[in-house]
Amino acid sequence: MTSAPDAQIDATGRLRHLLTLDGLPRATLEALLDRAQAMADAGEVNARLAGIAVCTLFFEPSTRTRLSFQRATQRLGANVLGFDASTSSTTKGETALDTFRNIEAMGVRGFVVRHSDDGAVAALASAAAPDTALINAGDGRSAHPTQGLLDMLTLRQAKGTDFSGLKVVIVGDVRHSRVARSDLHALRTLGAGEIRVCGPASLLPDAALLSGCTVSHDLDAALEGVDAVMMLRLQRERMAEGLVDSLEDYHRDYGLDARRLRRAAGDAVVLHPGPMNRGVEIDDDVADGPQSLILRQVANGVAARMAVLETLLG
Amino acid sequence: MTSAPDAQIDATGRLRHLLTLDGLPRATLEALLDRAQAMADAGEVNARLAGIAVCTLFFEPSTRTRLSFQRATQRLGANVLGFDASTSSTTKGETALDTFRNIEAMGVRGFVVRHSDDGAVAALASAAAPDTALINAGDGRSAHPTQGLLDMLTLRQAKGTDFSGLKVVIVGDVRHSRVARSDLHALRTLGAGEIRVCGPASLLPDAALLSGCTVSHDLDAALEGVDAVMMLRLQRERMAEGLVDSLEDYHRDYGLDARRLRRAAGDAVVLHPGPMNRGVEIDDDVADGPQSLILRQVANGVAARMAVLETLLG
Amino acid sequence: MTSAPDAQIDATGRLRHLLTLDGLPRATLEALLDRAQAMADAGEVNARLAGIAVCTLFFEPSTRTRLSFQRATQRLGANVLGFDASTSSTTKGETALDTFRNIEAMGVRGFVVRHSDDGAVAALASAAAPDTALINAGDGRSAHPTQGLLDMLTLRQAKGTDFSGLKVVIVGDVRHSRVARSDLHALRTLGAGEIRVCGPASLLPDAALLSGCTVSHDLDAALEGVDAVMMLRLQRERMAEGLVDSLEDYHRDYGLDARRLRRAAGDAVVLHPGPMNRGVEIDDDVADGPQSLILRQVANGVAARMAVLETLLG
């Protein structure tokens, strides 16, 4: 089962859950981005969700994403309940669905869910009560929609809201990346001028996912003239799986350093979802350089998540 | 040491701690239930405990009970401090009493304590300062009084406040269950018409605990005409201990399914403290069926815990 | 790298971070203590830091220190975000600096940091944005400044603010203790009349650290006539390292019991930073006796941390 686009929008067109950016109407996507920008500009706390409880229900650990949602929830005046199923000994063999239903029965209205299985968050959403909202914080390789949102917000701030002239390259392990999928969906919906995808053949997905993209295995060529470089994290276990020969080889062929970045447009920006493997997919001179928007992405993450929480629960 | 009933009520008759339902005066028990019902009806947040801190001090892990208390505390406007002694490496050999006294010295006024030893919570309560209140969230096999409260609240909502005509059966591992003990204490105090207890001989307690109960090893017979079925969770380690032959055998003899449930009264209700072992002590057709109040129990848990926190700390 | 005193005070003399008590001007130290005393007297919550987020960033676990800072943060109306790097699987090889910068980018303004490396907190502070404040919650053996503050606050309450006539002995594993270092720095700055240090030679530091102190290996002699005894915790791993022969020997030579304490002044007070090894460095008759200020220290810890948080972030 994969995230079903139509499961997140109700009959009246209202966004009930945020499960994926795949198929999300452009107007809905742009409204979320506008709201996120307003949150980023305001940079303050409010009490719009006072009295509401949001549970971070993580079946796969991710401290950074959890903290970002937690801060977003706090800034809206709501209460956070944390459930880390990956370390909890108390699920005691209970199904994810029973765990979810239980916490929902406690009066929790918002759920931020991460799960290692594709479609797991959509499956929980299909069982949710009418006033319960789920946000997919990453399911398998399928989707990480708030990462896609914060990436688009970051691109907009740097390059303007009209993406029609924008040349973007996504570099690295696209095959296993939910971040790449959500970025691809959003870039297409927002009408990005050119989307390039670059990585070793072993880390690129089936052609269906790359429809409309220019595919390359040569990073130098792929960087030529782009306005934005979206780097992906290399999971070190890819080496054990034989998909990457060595970290050194990967760095030589697909690592981004300042020298290589000169092939891109002079005002090109660099994004990375973190955590970074410095010296593997990205070098310090880029990560900490003037074209890096990596910490701006993190700041935008809180604003984007506030916009989603407010839209779904407000 | 076991939970001493008189340790929780002071000389003026005021409830200082909630350690057990054993010996709790009927008026006190009913006042808690009335207050819990009011909390359930209101279904909202307030600030009655604003500025107060409540620590969930768990020497034995239980995410669900902890979350329920956490939500109850948040809904009363108090702050939560979490201490998970089962994963904390910082107790560093410190005694439970020193840990408790330390957190108490930080100005924390409420403690929700779970411990694997019978009487451990009462022992801490006997060392507490005059304005510190302890709530037993489960100690050994002795007591789980807020579970007893939420179960009674659930029965009241379904069957009315007069229990004199009520026929109840408690099914499963009564011997090791603090839930069963608290339910038995409350049902007796509230004057339940008939209390049946059903399970394999290896999982039933000494006769003293069952005074006034009808004991049976035959579930079909025990279900005959009852108004409420209170299922208990089977701990899987009972098999290793030789108390249960196999999960299949247990399911065949003591598992509740829809067919069996037809022996009960037509409007009989089913309770389970969770987490459920689906296919062992309970089948999906009952757990998710129209007679199940299992998620209602969870919702009532927050209301019951709010009532206790407000009564002790308000 | 060690904590650089001048890194915590800006060009205008304002305290930006609290990294160490080493070199902290007496006026600054006394202002913090006065403010902490006011916090202890008020004993209530306020909203001076409402809307601000404080992250407890622990690269080394310490539940008690974390809870104390958490309560202090709550009492000032700020939000707490917890990051336990020792159990987090999500740092995924990320550097401490990247982790810090990431959480900072989420809009978090205060950081309470514990790390096993000397100088690690100062290193992060040197990378902080202008309005970000760091509090050292213990780095290696270097410093634990809020423990030093709460110890001085406790001594002041017992003995008055003029330390010129005060005779203090610090007993135990001074070599490995950041608590001892922060206490020594503060006692010297506040002009303590006489500072004695007592422990086995294997657990005493280089002479440079003990400048101005009277050093002794004989506890009975060191206790003679002192006004305050500051006990240190014995790390049990010192035995494995061959620095201590056995816990029994250590107890015989350096354990404090009521009999030994009679050598001190009649109104001498006893402090211990906790958690205590009862029966090793301290006996029950002292720990729970009338001269013990150990729980008072814990209470003062919240007040001292409130004073620091308010001073840095208010």
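All figures in this text were calculated on a predicted structure; none of them were measured in a lab. The chains referred to below are lettered A, B, ... by the order of the sequence lines, with proteins before strands, and numbering in each begins at 1.
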>> Does R114(C) form a salt bridge (Lys or Arg N to Asp or Glu O under 4.0 Å) with D84(C)? I'd like the steps, not just the answer.
In response: CA-CA 10 Å; R114(C) 172 164 289 200; D84(C) 183 353; over 6 Å; no
> Given that the side chain runs from C-beta out, which part of D288(C) has a heavy atom under 4.5 Å from chain B: side chain, backbone, both or neither?
Replying inline: side chain
> Between F83(B) and F59(B), how do the two ring planes meet: parallel, tilted or perpendicular, split at 30° and 60°?
Replying inline: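 Plane angle between 30° and 60°, so tilted.
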> For residues R66(B) and T56(B), is any side-chain donor paired with an opposing acceptor at under 3.5 Å?
Replying inline: no
>> Distance alone, cut at 3.5 Å: any donor-acceptor contact between the side chains of T154(B) and R296(B)?
In response: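 Result is no, nothing qualifies.
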>> With a 4.5 angstrom heavy-atom cut-off, is it the side chain or the backbone of I103(B) that approaches chain C, or both, or neither?
In response: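 Interface part for I103(B): side chain.
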> For chain B, which residues of residues 71-78 of chain C have at least one non-hydrogen atom nearer than 4.5 Å to it?
Replying inline: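 At a heavy-atom separation under 4.5 Å, chain B is reached by R71(C), Q74(C).
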>> I'd like to know if R178(C) and E60(C) make a salt bridge, using a cut-off of under 4.0 Å between side-chain N and carboxylate O.
In response: yes
>> How long is the straight-line distance from CG of N136(B) back to NE2 of H115(B), given to the nearest 0.5 Å?
In response: 11.0 Å
> Which residue pairs satisfy the salt bridge (charged side-chain N to carboxylate O under 4.0 Å, His left out) criterion with at least one member in residues 101-110 of chain B, sequence neighbours excluded?
Replying inline: none
